[in-house]
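Structure first, commentary second.
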Amino acid sequence: MVRPPQIWSRLFLVSITTPGTRHPRHRCQSLHLTMASLPLTHSSTSLTHSLHSLHHRPEAMAPARAHHLLACLLASALLAAATPVTGGGLMTDQLEVLFGQTQLLNDSNGDQTIALTLDRVMGSAFKSKTSYLFARIDMDIKLVADDSAGTVTTIYLISEKDWNTHDEIDLEFLGNVTGQPYTLHTNIFANGEGGREVQYRLWFDPTQDFHTYSVIWNPDEILILVDNMPIRQFKNHLDSGVPFPIYQPMRLFGCLWDADDWATEGGRIKTDWSQAPFVAYFRNYTADGCVPSSYAWVCGQGPASSSDWFDRGLDDVKQQQQLREAQDKYMIYNYCNDPKRFPDDTPPAPDQLGIMRYLKNMGPE
């Protein structure tokens with residue numbers, strides 16, 4: 001296992017090296033941003049934004065994901081730098097608006113909910129005020145209700161330097177027509193290499209109430225959980241030559257955007273704009289991660305700190321069973337088992353595509 005050098009158990013120094021700066025070839029058909037750094041208040045924050053759709057499908061996800069991610073990153077670059085905050089506190093202590101019609105809702109207990117909105121003109125997005133090098137991220141989300149076909153609600157972690165070598169962990173909720181189950185689309189990029197899509201049908205109605213979606217990212221593995229039940233495990237096989245996100249800090253982004261050319265039944269079902277505005281709700285954001293401190297990254301020091309995420313694995317028998325159950329009952333697509341991508345080779349074991357490439361000299365997808 002390849003790990004960063006550590007000092008004690010929660011303080012380690014990391015030498016983050018980035019290849020020479022290259023200009024990514026933007027796949028955006030059109031991107032026009034008029035940005036202003038505005039505080040998030042109860043009233044809507046409105047910015048001018050035009051974002052055209054891309055061709056986006058499971059077997060060719062990496063090129064298409066560049067569109068809305070670059071939009072969010074470009075917006076982020078135009079905003080003022082934020083003071084790092086580590087989990088706990090109000091949503092506005094930790095998150096800031098990037099663009100779009102966004103509302104902050106306050107209940108009688110002082111708890112805050114962020115509402116992202118999508119209409120025919122534009123979507124909306126937020127980002128965390130700090131980046132992390134390894135973290136546990138939790139967010140309660142209530143997805144777009146009724147006919148949400150063509151919409152995508154997304155939370156993802158992403159590094160912010162060279163796109164060609166970027167790291168990323170995606171959770172994308174693909175909209176549907178009324179009465180159909182939501183699809184949770186997951187993907188992982190490391191050193192610019194993606195193509196690790198796994199999809200699940202959610203086993204509950206995520207529009208009726210809030211549910212908790214979590215990412216645990218540590219030097220050993222990435223875990224994706226729904227209501228604290230693990231559904232995906234991606235282990236670190238960097239020692240076998242398989243890229244794994246271990247050296248680049250990542251920031252959390254949340255977006256609600258239109259992707260009706262691919263999101264619902266491969267683009268066959270389009271967005272019904274008569275149903276707009278579409279709204280997704282986010283609350284109870286917590287982040288316990290490694291944050292910069294002088295020349296080191298300090299881990300497990302936040303208000304919501306729990307020491308188990310940094311060293312944890314699926315040693316618990318119950319969680320191992322839950323992971324198998326999620327894969328057996330709810331997984332509907334796994335890149336490893338796609339005959340279009342592996343027509344002449346035995347499909348590799350789940351999340352072992354990189355190893356198979358190196359062992360079989362398979363080359364790019």
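The model shown is predicted, which means the values in this text are computed figures rather than measured ones.
- Contact annotation: the side chain of V215 never approaches that of L223 to less than 4.5 Å [non-hydrogen atoms, C-beta and beyond].
- Taking every heavy atom of both residues into account, P230 and A326 meet most closely at O-CB, 4.0 Å.
- Checking side-chain atoms of E193 against main-chain N and O of F189 turns up no donor-acceptor pair under 3.5 Å.
- Q233 has its side chain within reach of L323: a pair of non-hydrogen atoms, C-beta onward, lies under 4.5 Å apart.
- Within the 3.5 Å criterion, the main-chain N or O of T186 finds no donor-acceptor partner in the side chain of E172.
- Across all their heavy atoms, H211 and D205 have their closest contact at NE2-O, 4.0 Å.
- Relative orientation of the F204 and Y213 rings is tilted, given thresholds of 30° and 60° on the angle between their planes.
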Report the C-alpha separation of R232 and R196 in whole Å, then their side-chain angles, then the decisive distance to 0.1 Å, and conclude whether the side chain to side chain contact (heavy atoms under 4.5 Å, CB included) test is met. CA-CA 11 Å; R232 183 171 184 184; R196 301 181 177 93; 3.7 Å; yes
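- Under 3.5 Å, the side chains of T183 and R201 contain a donor-acceptor pair of N or O atoms.
- How far SG of C255 is from CZ of F126: 8.0 Å, rounded to the nearest 0.5 Å.
- Between the side chain of N106 and the main chain of G110, no donor-acceptor pair closer than 3.5 Å is present.
- K161 places no side-chain N or O within donor-acceptor distance of the main-chain N or O of Q248, the cut-off being under 3.5 Å.
- Between T212 and N284 the shortest side-chain heavy-atom distance does not fall below 4.5 Å.
- Using a 4.5 Å heavy-atom threshold, the side chains of L252 and M139 count as touching.
- Heavy atoms only, all atoms of each residue included: P245 and W217 are closest at O-NE1, 2.8 Å.
- Atom OG in S274 sits 9.0 Å away from atom CZ in R120 (nearest 0.5 Å).
- When the side chains of ILVMFWY residues are joined at heavy-atom separations under 4.5 Å, either directly or via intervening members, V121 and L98 end up in a single hydrophobic cluster.
- The minimum heavy-atom distance linking A276 with D119 is given by the pair CB-CA, 4.3 Å.
- Classification of the W163-H166 ring pair by plane angle, with boundaries at 30° and 60°, yields parallel.
- Side chain to side chain, T154 and W257 meet the donor-acceptor criterion of an N or O pair below 3.5 Å.
- With S159 contributing its side chain and D167 its backbone, the two residues share a donor-acceptor pair below 3.5 Å.
- With 3.5 Å as the limit, one finds no donor-acceptor pair spanning the side chains of N191 and T165.
- Aromatic pair Y200/Y333: ring centres not closer than 6.0 Å.
- For the residue pair S128/R251, the side-chain donor-acceptor check at 3.5 Å is not satisfied.
- No chain of hydrophobic side-chain contacts below 4.5 Å, direct or via other Ile, Leu, Val, Met, Phe, Trp or Tyr residues, connects L202 to I269.
- Distance check: N176 CG to D147 CG gives 8.0 Å after rounding to the nearest 0.5 Å.
- Put simply, CG on D227 and CD1 on I231 are 10.5 Å apart, with the number rounded to the nearest 0.5 Å.
- Between the side chains of S148 and Y182, at least one donor N or O sits under 3.5 Å from an acceptor N or O.
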Could you give me the CA-CA distance, side-chain angles and deciding distance for F282 and I155, then say whether side chain to side chain contact (heavy atoms under 4.5 Å, CB included) is met? CA-CA 10 Å; F282 302 77; I155 57 170; 3.8 Å; yes
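- Put simply, the side chain of D107 gets close to the backbone of N109: a donor and an acceptor are under 3.5 Å apart.
- Taking the six-membered ring where the residue is Trp, the centroids of F244 and H237 are separated by 6.0 Å or more.
- With no hydrogens or angles considered, no side-chain donor-acceptor pair links N218 and W309 at under 3.5 Å.
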Go through V144 and V279 one step at a time and tell me if the side chain to side chain contact (heavy atoms under 4.5 Å, CB included) criterion holds. CA-CA 5 Å; V144 177; V279 184; 5.9 Å; no
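- A heavy-atom distance below 4.5 Å is found between the side chains of I246 and F134.
- Residues Y285 and I114 are not in side-chain contact: their nearest non-hydrogen atoms beyond the backbone lie 4.5 Å or more apart.
- Taking every heavy atom of both residues into account, T264 and A149 meet most closely at OG1-CA, 3.5 Å.
- To the nearest 0.5 Å, the span separating CD1 on I224 from CD1 on I188 amounts to 5.0 Å.
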Show, in sequence, the C-alpha distance, side-chain angles and deciding distance for E197 and R341, and conclude whether the salt bridge (charged side-chain N to carboxylate O under 4.0 Å, His left out) test is met. CA-CA 12 Å; E197 303 92 351; R341 298 170 71 172; 2.9 Å; yes
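- Under the 30°/60° scheme for interplanar angles, the aromatic rings of Y281 and F210 are found to stand perpendicular.
- Between M250 and I169, the shortest heavy-atom distance links the atoms CE-CD1, 3.7 Å.
- Hydrophobic clustering (ILVMFWY, side-chain heavy atoms < 4.5 Å, transitive): W273 and L256 are in one cluster.
- Between D272 and K270 there is no salt bridge, since none of the side-chain N atoms of the basic residue sits less than 4.0 Å from a carboxylate O of the acidic one.
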Would you sort out whether Y335 and V198 count as a side chain to side chain contact (heavy atoms under 4.5 Å, CB included), showing the intermediate values? CA-CA 6 Å; Y335 69 99; V198 179; 4.0 Å; yes
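- S214 and D138 are linked by a side-chain donor-acceptor pair at a separation below 3.5 angstrom, with hydrogens and angles left out of the test.
- When side chains are defined from C-beta on, L225 counts as touching Q319, because their heavy atoms get closer than 4.5 Å.
- Between T151 and F173 there is no side-chain heavy-atom pair separated by less than 4.5 Å.
- Atoms CD and CG, on E168 and N187 in that order, are 7.0 Å from each other to the nearest 0.5 Å.
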